[in-house]
Amino acid sequence: MPKLYVPASAEDRWYAWWEQQGFFTASNAPEDTRETYTVAIPPPNVTGTLHMGHACRTTFEDVLVRYERMKGKNALWVPGTDHAGIATQVVVERKLKAEGLTRHDLGREKFIERVWEWRKESGDTILGQLRKMGASCDWSRTKFTMDPDLSHAVREAFVRLYEEGLIYRGTRLVNWDVVSQTVLSDLEVETEENVKYTEEFGVCELFDFAYKLDAEDAAATGVDEIIVSTTRPETMLGDTALAVHPEDERYKGLHGRFVTHPFVDRRIPIVCDATLVDPEFGTGVVKVTPAHDPNDFATGKRHGLEEISILNKDGTLNENGGPFAGLERFEARKAVKAKLEELGLARGKRKHVMSLPRSQRSGSIVEPMISTQWFVKMEPLAGPAIEAVESGKVQILPEDWTKTYFHWLRNIQDWCISRQLWWGHGIPAWYCGDCEHMSVSRTDLSACEKCGSANVEQDPDVLDTWFSSALWPFSTLGWPNQTPDLARFYPTQDMETGYDILFFWVARMIMMGLHFMGEVPFSRVLLAGLVTDERGQKMSKVKGNVIDPLDVIHGATGAHLLMKAEQAGAAADGVEYLRTTYPDGFDAYGADALRMTLLSYSPQSRRIALSIKRIEGYRNFANKLWNAARYVLGRLVGQDGEPGPHPDARATGARPAVTALPNRWILSRLDVALASANAGITAYRLDEGSQALYHFVWDELCDWYLELSKPLLDGDDRALAEETAAVLLHVLETTLRALHPMMPFITEEIWQRVPRAGVAAGETIMLARYPQAGTDSLRDEASERELAVVQEFVVAARSIRAEYDLPRKQGIAIHWCADDAEKVATIETARSLIEALAGATLTQEEAAKVDDPHQHFTLAAAFVLPGLRGVVPGVIDPVKERERLTRQLTKVEKELGTLEKKLTNEKFLGGAPAEVVEQTKRDAAELREKRDQMSGAIARLG
RNA sequence: AGGCACGUAGCUCAGUGGGAGAGCACUACCUUGACACGGUAGGGGUCGGCGGUUCAAUCCCGCCCGUGCCUACCA
């Protein structure tokens with residue numbers, strides 16, 4: 001085995017073998033009665049390649065799936081990809097643009113062909129990347145949301161909901177994206193907050209202008225004009241009313257009067273509306289544009305106002321724009337303002353900080369527009385989804401999110417599901433050109449259901465991507481057909497995803513699962529944070545701070561990173577950030593290191609600020625594990641053709657019997673680690689589970705046990721050496737199994753080299769049994785207490801070594817004494833171990849001599865432990881020793897001080913539980929003794 | 001505006017009603033037969049601020065300051 005673990009070759013080799021052997025495939029054999037464990041992957045969008053967020057998802061899910069598989073379940077992880085309607089269409093259109101084409105140049109059919117080509121490319125890339133991450137998906141069940149079977153499911157769901165009256169077609173004010181030229185659901189609109197004034201679009205400016213009263217109304221009321229304010233001056237072309245508060249004294253005389261529109265031939269009524277108007281704001285008069293503002297729309301309905309749309313689908317003004325028709329919306333805004341100035345109707349402007357609604361995909365400012373679209377009635381679906389979480393049938397982790405879930409579902413709006421795109425599931429509705437009948441049908445229609453005319457056309461729109469995603473947990477298993485997979489694997493167990501799609505996806509899956517299957521689609525929702533760069537900023541191509549998981553796994557030079565960022569369109573400061581933060585690029589850290597890193601962040605955190613240093617740390621951990629294995633295998637069975645002293649040693653999967661303290665101790669510590677690992681994984685605290693194993697391997701197995709094993713293996717006691725050999729192999733093999741869900745590659749690589757027999761002799765670690773506390777390990781409190789004494793002793797000796805710069809080769813003598821027989825026995829038994837680890841020779845001494853080192857030894861350094869003291873003669877510089885002891889004494893006195901303060905507090909003695917008081921007294925007594933010993937030692941230094 | 005988080009060592013973050021932790025960074029020493037992607041020993045924090053509950057608060061409660069996200073509205 002080489003000194004350094006090299007991930008690259010091991011990863012590809014083992015993954016190909018696992019896949020080819022069919023280890024990932026879930027069983028559907030009728031005689032297989034194992035409990036199932038199913039996870040549906042959150043299907044990545046076929047918009048390009050996987051990012052760090054996907055890597056995070058993949059790792060978490062893979063840990064859960066591998067764990068349950070090793071626990072003996074029939075584990076199924078369904079992989080697949082999402083067609084991602086709008087996002088994918090945008091990507092392909094951008095590629096066309098590079099060729100100087102638009103989708104309209106190609107036409108719908110040819111364009112869709114191009115998208116399919118792209119989806120093949122992107123989809124294959126993504127599935128390949130999942131494999132690089134180690135994902136143990138059942139590839140034989142791979143799905144794509146536009147596969148024929150899943151499209152069939154979408155159509156069935158649509159038709160059923162329509163027949164049940166839960167899908168309807170309606171004319172509403174919707175969110176219009178003028179760049180993508182499609183309607184968006186409320187969720188796809190993102191509000192940009194606190195936007196400042198920008199010259200270019202003229203946004204965030206409150207512009208005042210006057211409407212002149214009709215001549216006769218002006219004469220009758222003596223009022224000449226009314227001033228209104230707006231942030232969108234061009235919408236005044238669609239104004240069909242002015243509203244005032246009914247109680248507003250200033251305008252009481254104007255109720256029912258009219259103003260004249262300055263640009264179009266329209267008389268505009270002045271109406272009273274207490275809901276819309278806040279008399280305190282501005283002039284107390286609101287211009288009402290029912291066709292372009294949600295509040296105005298509602299106001300229009302209340303007053304029966306005309307709805308005049310002024311925009312074309314591309315954001316230019318239509319014929320209702322009068323003299324401004326044809327202008328682009330922001331041009332029109334400028335032109336309207338200029339014209340109002342010219343007419344002397346402008347009444348000033350001021351900057352106004354506000355929020356702007358933007359399209360999640362195109363980033364353009366969303367326009368409210370009246371349009372006929374398809375909607376899902378949400379209230380009847382939301383009720384059961386709320387109940388499912390309330391009753392605990394679905395558990396959301398971390399729990400904080402349940403509140404958010406309830407809040408959204410309890411205030412839910414109908415869901416606009418039609419999109420004016422080309423890429424997506426067609427809407428199964430046909431319109432008759434003759435009788436105007438609309439048919440919604442499971443099968444494609446060539447004739448009108450009502451009049452039989454062949455003059456029928458399918459609705460040109462497609463469905464929101466999330467409509468098909470909502471069916472994912474059961475459509476991937478064969479629904480609406482009653483397949484064996486559906487019967488066996490639905491409902492699934494865990495749904496792990498990012499909290500950002502809790503509404504988009506998770507809530508809708510629960511609604512649809514309950515509606516169509518009558519059962520929740522999964523019993524737990526596991527929400528993870530969003531991966532950001534190390535500053536905590538969202539990764540984005542423009543910021544240049546995107547970290548490609550594959551670059552971390554395979555390594556990348558600084559130049560390569562810069563080139564990629566520039567190609568992706570990073571801004572100058574983004575490139576600079578990249579250059580200064582990662583000047584040397586990345587080493588090939590390997591998939592296991594990346595996985596461990598992602599696992600190490602708490603799921604409670606909403607942000608995963610991915611740190612390369614941290615990845616490096618886990619790369620080092622992989623290497624530590626590798627070298628621990630090198631040691632064990634080299635010392636026992638030998639390596640590289642050299643037979644070792646224990647050629648017959650085997651890991652059998654059975655816990656060896658142990659007598660020696662270090663062997664008892666390591667099995668006990670393993671027990672604690674295994675308990676934490678199991679508890680952590682099942683509670684979705686993968687950070688705690690992985691950290692327990694990290695800590696065990698590094699701080700206990702490597703730092704102590706491997707060192708302790710050396711004198712045991714080299715000693716004269718053959719039986720003890722055999723016992724130790726068995727324990728070393730057992731602990732190594734068990735630890736590998738425990739780590740396998742997190743670090744699948746390196747654990748397989750090492751495990752295959754471990755000589756195994758009995759139940760440990762399996763073909764692959766991924767189908768080996770996951771280790772269990774109490775079975776594979778054994779808690780032994782006594783061994784922990786005893787070994788703690790050994791550790792304290794060794795550390796004390798090493799401290800003296802370090803303090804006086806004693807070289808490793810220079811042996812030291814330690815004269816020690818202990819207060820009770822138990823401690824004396826422990827040290828006597830472990831004497832050779834302590835000597836080996838401390839590089840010392842131990843001599844038990846009378847307490848009188850140890851406690852007065854100045855009298856009995858020359859230049860002796862001293863240490864004081866609970867019930868145990870030692871001196872090391874011939875090493876000290878008295879001045880330095882005084883400093884060292886004083887430093888320690890200060891700490892002890894400080895600690896003692898807080899305890900004594902408590903113990904002199906009557907209220908504490910009276911109010912605290914007896915056991916707490918007792919413990920405090922014991923601690924104080926121990927510290928007091930230590931203090932006395934130390935101050936005595938200092939005093940005796942002279 | 002409302003809601004939800006968060007504020008702990010230089011950095012990134014765990015954690016708990018009773019003795020402040022990890023990784024990285026830092027200091028000193030060590031190329032020792034598993035590992036320098038290493039070892040040993042260290043230094044470093046009034047747990048955001050102010051009150052309250054409690055025998056006891058970093059933890060529970062209230063207010064304030066700061067940060068992030070979500071929802072709604074902004075003529």
Side-chain angles (χ1 to χ4, degrees), chain A residues 1 3-5 186 190-191 193 206-208 228-232 235 242-243 276-278 281-289 293-296 352-355 398 400-401 403-404 407-408 411 499-500 502-503 530 534-536 587 589 593 597 600-602 604-614 616-635 687-688 691 694-695 699 702-703 706-707 710 794-795 798-809 839 887 895 898-899 902 905-913 915-917 919-920 923 927:
Chain A
M1 286 170 83
K3 269 189 174 185
L4 286 183
Y5 169 64
D186 296 340
E190 292 178 340
T191 37
E193 293 186 65
L206 207 52
F207 183 85
D208 297 344
V228 294
S229 302
T230 178
T231 53
R232 294 184 295 157
T235 61
L242 299 185
L276 180 69
V277 182
D278 171 9
F281 190 96
T283 58
V285 188
V286 185
K287 59 187 277 304
V288 184
T289 322
D293 182 277
N295 290 321
D296 295 3
H352 181 67
V353 175
M354 59 182 277
S355 305
D400 305 342
W401 290 106
K403 264 190 200 171
T404 313
H407 182 261
W408 187 70
N411 296 284
Y499 68 80
D500 53 324
L502 179 61
F503 306 146
L530 301 184
E534 17 207 310
R535 298 168 300 183
D587 284 351
Y589 298 114
T597 306
S600 72
Y601 293 90
S602 165
Q604 308 285 12
S605 166
R606 294 191 177 187
R607 244 181 19 180
I608 295 176
L610 188 71
S611 150
I612 294 294
K613 274 289 180 194
R614 199 143 162 173
E616 192 178 302
Y618 283 104
R619 185 272 311 264
N620 296 352
F621 173 69
N623 201 53
K624 191 75 179 173
L625 181 65
W626 178 255
N627 276 289
R630 263 185 85 212
Y631 164 76
V632 173
L633 300 180
R635 276 292 180 119
D687 56 327
E688 291 178 353
Q691 210 221 320
Y694 175 98
H695 173 253
D699 302 336
C702 290
D703 283 356
L706 295 191
E707 295 305 322
K710 290 171 186 175
V794 169
V795 168
R798 284 169 174 172
S799 295
I800 288 172
R801 257 184 192 293
E803 195 70 25
Y804 294 106
D805 294 342
L806 305 177
R808 173 82 186 136
K809 286 180 192 126
R887 205 164 57 223
E895 264 182 74
T898 58
L899 293 189
K902 273 189 186 178
N905 185 342
E906 289 298 327
K907 287 178 179 171
F908 172 73
L909 296 173
E915 62 200 53
V916 172
V917 176
Q919 185 61 46
T920 309
D923 291 347
L927 283 172

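In what follows, every chain begins at residue 1, and chains take the letters A, B, ... in the order their sequences are listed.
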Revision key, fill the gap. Per atom distances to the A:R606 side chain, the nearest of B:rG19, B:rC69, B:rC37 is B:rC69

Check your understanding: A:D278 CG to B:rC73 P: how many Å, rounded?
Key -> 16 Å

Review point. How far does the C1' atom of B:rG23 sit from the matching atom of B:rA14, given to the nearest Å?
Key: 10 Å

Point to revise | Gap in Å between the two P atoms, one belonging to B:rU16 and one to B:rG48, rounded | key: 15 Å

Exercise for review: Measure from the side-chain heavy atoms of A:R798 and tell me the nearest of B:rC55, B:rU40, B:rG23.
Suggested key: B:rU40

Review point. Between A:E616 and A:N620, does any side-chain donor sit less than 3.5 Å from a side-chain acceptor?
Key: no

Practice item. Tell me what A:E190 touches on the nucleic acid: a base, only sugar-phosphate, or nothing, going by heavy atoms under 4.0 Å. Key: nothing

Review point. Regarding A:R619 and the six-membered ring of A:W626, is the cationic atom NZ or CZ under 6.0 Å from the ring centre and inside 45° of its axis?
Key: no

Exercise for review: Answer with base, sugar-phosphate or nothing: what part of the nucleic acid does A:A609 contact at a heavy-atom distance below 4.0 Å?
Suggested key: sugar-phosphate

Check your understanding: Does the side chain of A:K403 get closer than 4.0 angstrom to OP1 or OP2 of B:rC70 through an N or O atom?
Key -> no

**Study point:** Interatomic distance at C1', B:rU46 relative to B:rG42, whole Å
**Key:** 23 Å

Exercise for review: Report yes if at least one side-chain N or O of A:K624 is closer than 4.0 Å to OP1 or OP2 of B:rG39; otherwise report no.
Suggested key: yes

Review point. Any donor-acceptor pair under 3.5 Å linking the side chain of A:R801 with the backbone of A:G839?
Key: yes

Review point. Using a cut-off of 4.0 Å on non-hydrogen atoms, how would the nucleic acid contact of A:K809 be classed: base, sugar-phosphate, or nothing?
Key: nothing

Check your understanding: Once you round it to whole Å, what is the distance between C1' of B:rC11 and CG of A:L610?
Key -> 15 Å

Check your understanding: Can you tell me if the side-chain N/O atoms of A:K3 get under 4.0 Å from OP1 or OP2 in B:rG38?
Key -> no

Point to revise | Test side-chain contact (heavy atoms from CB on, under 4.5 Å) applied to A:V277 and A:V285, A:L242, A:V286, the passing residue | key: A:V286

Check your understanding: Contact class for A:S602 (heavy atom, under 4.0 Å): base, sugar-phosphate, or nothing?
Key -> sugar-phosphate

Point to revise | Watson-Crick/G-U partner (both atom distances under 3.5 Å) of B:rU32 | key: none

Point to revise | Nearest listed nucleotide, side chain of A:A628, among B:rC55, B:rC37, B:rA34 | key: B:rA34

Practice item. Please tell me which of the listed nucleotides, B:rC74, B:rA34, B:rU71, lies nearest to the side chain of A:F281? Key: B:rC74

Practice item. Would you indicate what A:S605 reaches in the nucleic acid, counting non-hydrogen atoms under 4.0 angstrom: base, sugar-phosphate, or nothing? Key: sugar-phosphate

**Study point:** A:R635 side-chain N/O to B:rG33 phosphate OP1/OP2 under 4.0 Å
**Key:** no

Review point. Quick one: does NZ or CZ of A:K710 land under 6.0 Å from the six-membered ring centre of A:Y631, within 45 degrees of the ring axis?
Key: yes

Exercise for review: Would you indicate which nucleotide in B:rG18, B:rA34, B:rC55 comes nearest to any side-chain atom of A:N905?
Suggested key: B:rC55

Review point. If we call it a pair only when both distances are under 3.5 Å in a Watson-Crick or G-U wobble match, what pairs with B:rC50?
Key: B:rG62

Point to revise | Rounded distance in Å - CG (A:L909) to P (B:rC55) | key: 13 Å

Practice item. Rounded off to whole Å, could you give me the CG-to-P distance for the A:D400 and B:rA5 pair? Key: 6 Å

Review point. Between B:rG51 and B:rU67, how far is it from one C1' atom to the other, in whole Å?
Key: 23 Å

Practice item. State whether the side chain of A:N623 and the backbone N or O of A:Y5 hold a donor-acceptor pair below 3.5 Å, judged by distance alone. Key: yes

Practice item. Rounded to whole angstrom, note down the C1' distance from B:rC70 over to B:rC13. Key: 23 Å

Practice item. Rounded to whole angstrom, note down the P distance from B:rA20 over to B:rG2. Key: 39 Å

Exercise for review: Could you please name the option among B:rC37, B:rG18, B:rC35 that lies closest to any side-chain atom of A:L4?
Suggested key: B:rC37

Exercise for review: Nearest whole angstrom, please: distance from the C1' of B:rA72 to the CZ of A:F503.
Suggested key: 13 Å

Practice item. Taking the side chain as every heavy atom from C-beta outward, state whether A:R232 and A:D293 have any atom pair closer than 4.5 Å. Key: yes

Exercise for review: May I ask you to evaluate whether A:N411 reaches the phosphate of B:rA72, defined as a side-chain N or O under 4.0 Å from OP1 or OP2?
Suggested key: no

Check your understanding: Rounded to the Å, how far apart are A:N623 CG and B:rG39 P?
Key -> 11 Å

Review point. Rounded to the nearest Å, what distance is computed from the CZ atom of residue A:R614 to the P atom of nucleotide B:rA14?
Key: 8 Å

Review point. With rounding to whole Å, what would you report as the distance between B:rA56 and B:rC63 at their P atoms?
Key: 23 Å

Revision key, fill the gap. Pairing partner of B:rU16, by Watson-Crick or G-U wobble and under 3.5 Å for both distances, is none

Check your understanding: Taking the six-membered ring for Trp, are A:Y618 and A:Y694 ring centroids under 6.0 Å apart?
Key -> yes

Point to revise | Mate of B:rG2 where both pairing distances stay under 3.5 Å, Watson-Crick or G-U | key: B:rC70

Review point. Counting only side-chain N and O atoms of A:S799, is one of them less than 4.0 Å from OP1 or OP2 of B:rG42?
Key: yes

Review point. What does A:R232 touch in the nucleic acid at a heavy-atom separation under 4.0 angstrom: a base, only the sugar-phosphate, or nothing?
Key: nothing

Check your understanding: Considering only the C1' atoms, how many Å lie between B:rC47 and B:rA9, rounded to the nearest integer?
Key -> 10 Å

**Study point:** Opposite nucleotide pairing with B:rG42, Watson-Crick or G-U, both atom distances under 3.5 Å
**Key:** B:rC26

Check your understanding: Paired with B:rA57 by Watson-Crick or G-U wobble geometry, both distances under 3.5 Å: which nucleotide is it?
Key -> none

Exercise for review: Starting at atom NZ of A:K710, determine the distance to atom P of B:rG39, rounded to an integer number of angstrom.
Suggested key: 11 Å

Point to revise | A:K613 side-chain proximity, nearest of B:rU40, B:rA25, B:rU12 | key: B:rA25

